[in-house]
Participant: 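Pasting a structure here, questions to come.
Each chain gets a letter, A, B and so on, in the order the sequences are listed, and its residues count up from 1. As the structure is a prediction and not an experimental result, all values here were calculated from the model. Only heavy atoms go into these numbers, but all of them, side chains included; no hydrogens, no water, no symmetry mates.
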Amino acid sequence: MPRSEEIIPKIKRQQIMSMLAKGERLDGRRLDEYRPISIELGVVEKAEGSAMVRLGNTISIAGVKVELGKPYPDTPDEGAFIVNAEFLPLASPTFEPGPPDESAIEVARVVDRGIRSSGAIDLKKLCILPGEKVWVVYIDVYVLNHDGNMMDASGLATIAALLIAKMPKVAVKEGKVTILDEWVPLPVVNRPVPVTMAKIGEKIVVDPSLDEELVMDCRITVTIDESDRICAVQKGIGGSLTVDDVKYASKLAVEKAKEIRKALPPLPSIEDVEWIVKEGQ
Amino acid sequence: MSQLVRKVERPPRLIDEEGRRADGRKVDELRRIKIEVGVLKNADGSCYLEQGRNKIMAAVYGPRELHPRHLAMPDRAILRCRYHMVPFSVLERKSPAPTRREIELSKVIREALEPAIFLEYFPRTTIDVFIEVIQADGGTRCAGITAAAVALADAGIPMRDLVAAIAVGKVEGQLVLDPMDLEDRYGEADMPVAMMPSLGKITLLQADGLMTLEEFEKALELAMRGIKEIYNKQKEALREKYLAIKREVEVT
């Protein structure tokens, strides 16, 4: 999506910088303080799973749809998932209609990496006929209002939507697949949480607002899984970080992810769940 | 003549008892690197780089006039970057159209090079960096950055430092420097890093796979060691270009 650049007066940058030097932020937060998170679950009844996330004034909505499809040739015994993200033109005066631009693609790919690396979806459970038929999970994320940190808002909306998603059982009989009218949870087994930080001058702030994003020198997202492991990292925009910055950011991310995860729904209980009923075998 | 590679099969062990990898390297050993400077005559700067089986061509055009003009910045040059893999660079033919991966990589590579260039010296212009992956065998974005930085220097563009890049992988529980495709495919994690080595600044950092905080910090240290080595090769290659000119002048 082609986009004209947002403009911020130099005086605002000076104000943000001088406040940061005193350990303060424009919106009154501490440097390591996240904005209040609200997650509304199941906002779209027609989607298999959905969630609307608000981080301050940033709003992101994610929807999950499942469809039968073919597996990738290199993983014949696994289902697949695809993350797509778009910044809608209604989300900001600077967004324009059109296919996702590089920033939206980046968000989609970083969210995808968090889900994939943490093994959040047990893809083996989504295989119906190896090499032939599997479930494909489509995750579409739309930013509805941009007030900074679309990355985390989109990542949280994605995992929240997956956690509550329901999919139909299937029956397999002599190679024929029938979709049953019986709904089971998606096999979600991990909850990766992205934590985005901005470097402004010499300071690192967590969950940057739009004003802060407009003046930031560098951005880093560290995604943390349920057992405090790093499952995705992305340095964003130009600028640079020192090794100490990166070490600080990764530690802070582990700490923050614990906090943020509390806002997410729990993992679905899937111990006795059967996704595929094999008949006549 | 190099041998035709038709498929990548996973060997029973990716690291043997003696700590040797599938291609005989130690865990902290880089692949063989060859850097040639000024290989394309039309470009303002260019570089051909081989890193193991990776073969990368990078070219720089500019600073030059920018079209469309409205993209120009009144106070600095813009940097544009295209990372592209040719369809026959991988085992399964890749469509020549840019994939989402290539669009993302073009973006992060641009952002990795940007901090090194004095863009403010060339208002209203563009500097275009083109990276073509002729053959890919893991770690091509890093090899692309290493090559592009050399091409930028070859174009005579003022820079704060070169940018050198390397990936660190996690394979069978061990951190390995400069993973090749095989290790990337069957490994547990992959972390590409780019730095301005003399300034100690990280300009690209990505990771996927699972790492503990401790492993992540160790991987960062290992990457820095690799980057130093690559940095020396870059400088050597650039110096060699001018020594060659000097030799030519002395003969005539």
Side-chain angles (χ1 to χ4, degrees), chain A residues 2 4-5 72-74 82-85 99-110 112-119 190 192 199 217-225 227-247 249-255, chain B residues 7-8 68 70-71 73 78-79 81 91-92 98-108 110-117 119 160-161 163 170 185-186 188-196 199-217 219-221 223-224:
Chain A
S4 57
E5 226 168 286
Y72 291 114
D74 53 341
I82 293 155
V83 181
N84 176 54
D101 73 346
E102 53 171 32
S103 303
I105 289 173
E106 184 183 33
V107 165
R109 286 183 51 87
V110 175
D112 181 297
R113 282 211 283 279
I115 305 283
R116 207 170 290 279
S117 297
S118 64
N190 203 336
K199 188 177 184 188
D217 299 297
C218 196
R219 190 193 73 207
I220 181 170
T221 301
V222 183
T223 308
I224 306 291
D225 87 338
S227 27
D228 293 347
R229 290 174 299 185
I230 294 170
C231 53
V233 179
Q234 181 92 339
K235 176 228 160 207
I237 76 159
S240 59
L241 297 163
T242 65
V243 175
D244 288 339
D245 289 337
V246 172
K247 288 183 178 171
S250 53
K251 282 200 189 79
L252 184 59
V254 170
E255 208 180 289
Chain B
K7 47 176 152 166
V8 188
H70 70 268
L71 293 176
M73 304 293 282
I78 66 161
L79 179 66
C81 196
L91 287 179
E92 294 264 329
T99 58
R100 294 202 324 163
R101 175 179 174 274
E102 286 168 308
I103 294 169
E104 186 209 340
L105 293 195
S106 298
K107 178 175 190 282
V108 295
R110 185 186 75 227
E111 292 165 349
L113 296 171
E114 229 168 34
I117 305 171
L119 292 170
R160 294 178 175 85
D161 194 359
V163 183
K170 187 172 134 193
R185 200 176 289 246
Y186 300 110
E188 297 104 63
D190 178 34
M191 182 173 98
V193 184
M195 283 184 86
M196 295 190 274
L199 302 176
K201 296 267 173 91
I202 296 170
T203 64
L204 174 136
L205 179 64
Q206 297 183 285
D208 59 41
L210 287 171
M211 272 185 284
T212 63
L213 207 49
E214 196 191 332
E215 282 170 334
F216 177 68
E217 290 193 3
L220 211 52
E221 308 287 344
M224 280 165 67

Participant: How many angstroms lie between CG in A:Asp225 and CE in B:Met211, if you round to the nearest 0.5 Å?
Facilitator: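 One finds 12.0 Å between CG of A:Asp225 and CE of B:Met211.
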Participant: Taking the side chain as every heavy atom from C-beta outward, state whether A:Val222 and B:Phe216 have any atom pair closer than 4.5 Å.
Facilitator: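 No. Closest side-chain heavy atoms not under 4.5 Å.
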Participant: When rounded to the nearest 0.5 angstrom, what distance separates CD1 in B:Ile103 from CD in A:Glu102?
Facilitator: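 Interatomic distance, B:Ile103 CD1 to A:Glu102 CD, rounded to 0.5 Å: 8.5 Å.
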Participant: In Å, rounded to the nearest 0.5 Å, how long is the span from OG of A:Ser240 to CG of B:Leu205?
Facilitator: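 Result: 12.0 Å between the selected atoms.
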Participant: Look only at the side chain of B:Glu111 and the backbone of A:Gly238, and say whether a donor-acceptor pair between them is shorter than 3.5 Å.
Facilitator: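 Not a single qualifying donor-acceptor pair exists.
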Participant: Is chain A contacted by the side chain of B:Arg185, its backbone, both, or neither, given a heavy-atom distance below 4.5 Å?
Facilitator: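 Interface part for B:Arg185: neither.
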Participant: Provide the closest heavy-atom pair for B:Gly209 versus A:Ser117 in the form atom of the first, atom of the second, distance.
Facilitator: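 In this case the closest contact between B:Gly209 and A:Ser117 is N-OG, 2.7 Å.
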Participant: Given the options B:Ala112, B:Ala194, B:Pro115, B:Ala207, which has more heavy-atom pairs under 4.5 Å with chain A than any of the others?
Facilitator: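 Heavy-atom pair counts peak at B:Ala207.
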Participant: Answer yes or no: does atom NZ of B:Lys107 have more than 12 heavy-atom neighbours from other residues, nucleotides or ligands under 6.0 Å?
Facilitator: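 For B:Lys107, atom NZ is crowded (more than 12 foreign heavy atoms under 6.0 Å).
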Participant: Report which part of A:Ile224 has an atom under 4.5 Å of a heavy atom belonging to chain B: side chain, backbone, both, or neither.
Facilitator: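 Interface part for A:Ile224: neither.
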Participant: Treating A:Lys235 as the side-chain partner and B:Gln206 as the backbone partner, does any N or O pair qualify as donor plus acceptor under 3.5 Å?
Facilitator: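 Side chain of A:Lys235 to backbone of B:Gln206: no pair is present.
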Participant: Can you tell me which of B:Leu71, B:Val193, B:Leu213 forms the most heavy-atom pairs within a distance under 4.5 Å of chain A?
Facilitator: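 So the answer, after comparing B:Leu71, B:Val193, B:Leu213, is B:Leu213.
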Participant: Working to the nearest 0.5 Å, report the span between CD1 of B:Ile202 and CG of A:Asp245.
Facilitator: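 Between B:Ile202 CD1 and A:Asp245 CG, I get 8.0 Å after rounding to 0.5 Å.
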Participant: Under a 4.5 Å cutoff for heavy-atom pairs, which residue among A:Glu106, A:Arg109, A:Arg113, A:Arg229 has the most contacts with chain B?
Facilitator: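 Answer, by heavy-atom pair count under 4.5 Å with chain B: A:Arg109.
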Participant: To the nearest 0.5 Å, how far apart are CD1 in A:Ile105 and CZ in B:Arg100?
Facilitator: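 If we round to the nearest 0.5 Å, A:Ile105:CD1 and B:Arg100:CZ are 6.5 Å apart.
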Participant: Are the side chains of A:Val243 and B:Met224 in touch, meaning some heavy atoms are under 4.5 Å apart?
Facilitator: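 Of all side-chain heavy-atom pairs linking B:Met224 with A:Val243, at least one is under 4.5 Å.
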Participant: So which part of A:Asn84 gets closer than 4.5 Å to some heavy atom of chain B, the side chain, the backbone, both or neither?
Facilitator: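 Both backbone and side chain of A:Asn84 come within 4.5 Å of chain B.
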Participant: Measure A:Val246 against the heavy atoms of chain B and call it side chain, backbone, both or neither at under 4.5 Å.
Facilitator: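 Both backbone and side chain.
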Participant: What part of B:Met191 lies closer than 4.5 angstrom to a heavy atom of chain A: side chain, backbone, both or neither?
Facilitator: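 B:Met191 has no heavy atom closer than 4.5 Å to chain A.
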Participant: Sort B:Glu188 into side chain, backbone, both or neither according to what part of it lies under 4.5 angstrom from a heavy atom of chain A.
Facilitator: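 Interface part for B:Glu188: neither.
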Participant: Say you draw a straight line from CD1 of A:Ile230 to CG of B:Leu210; how long is it, rounded to the nearest 0.5 Å?
Facilitator: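 Here the interatomic distance stands at 10.0 Å.
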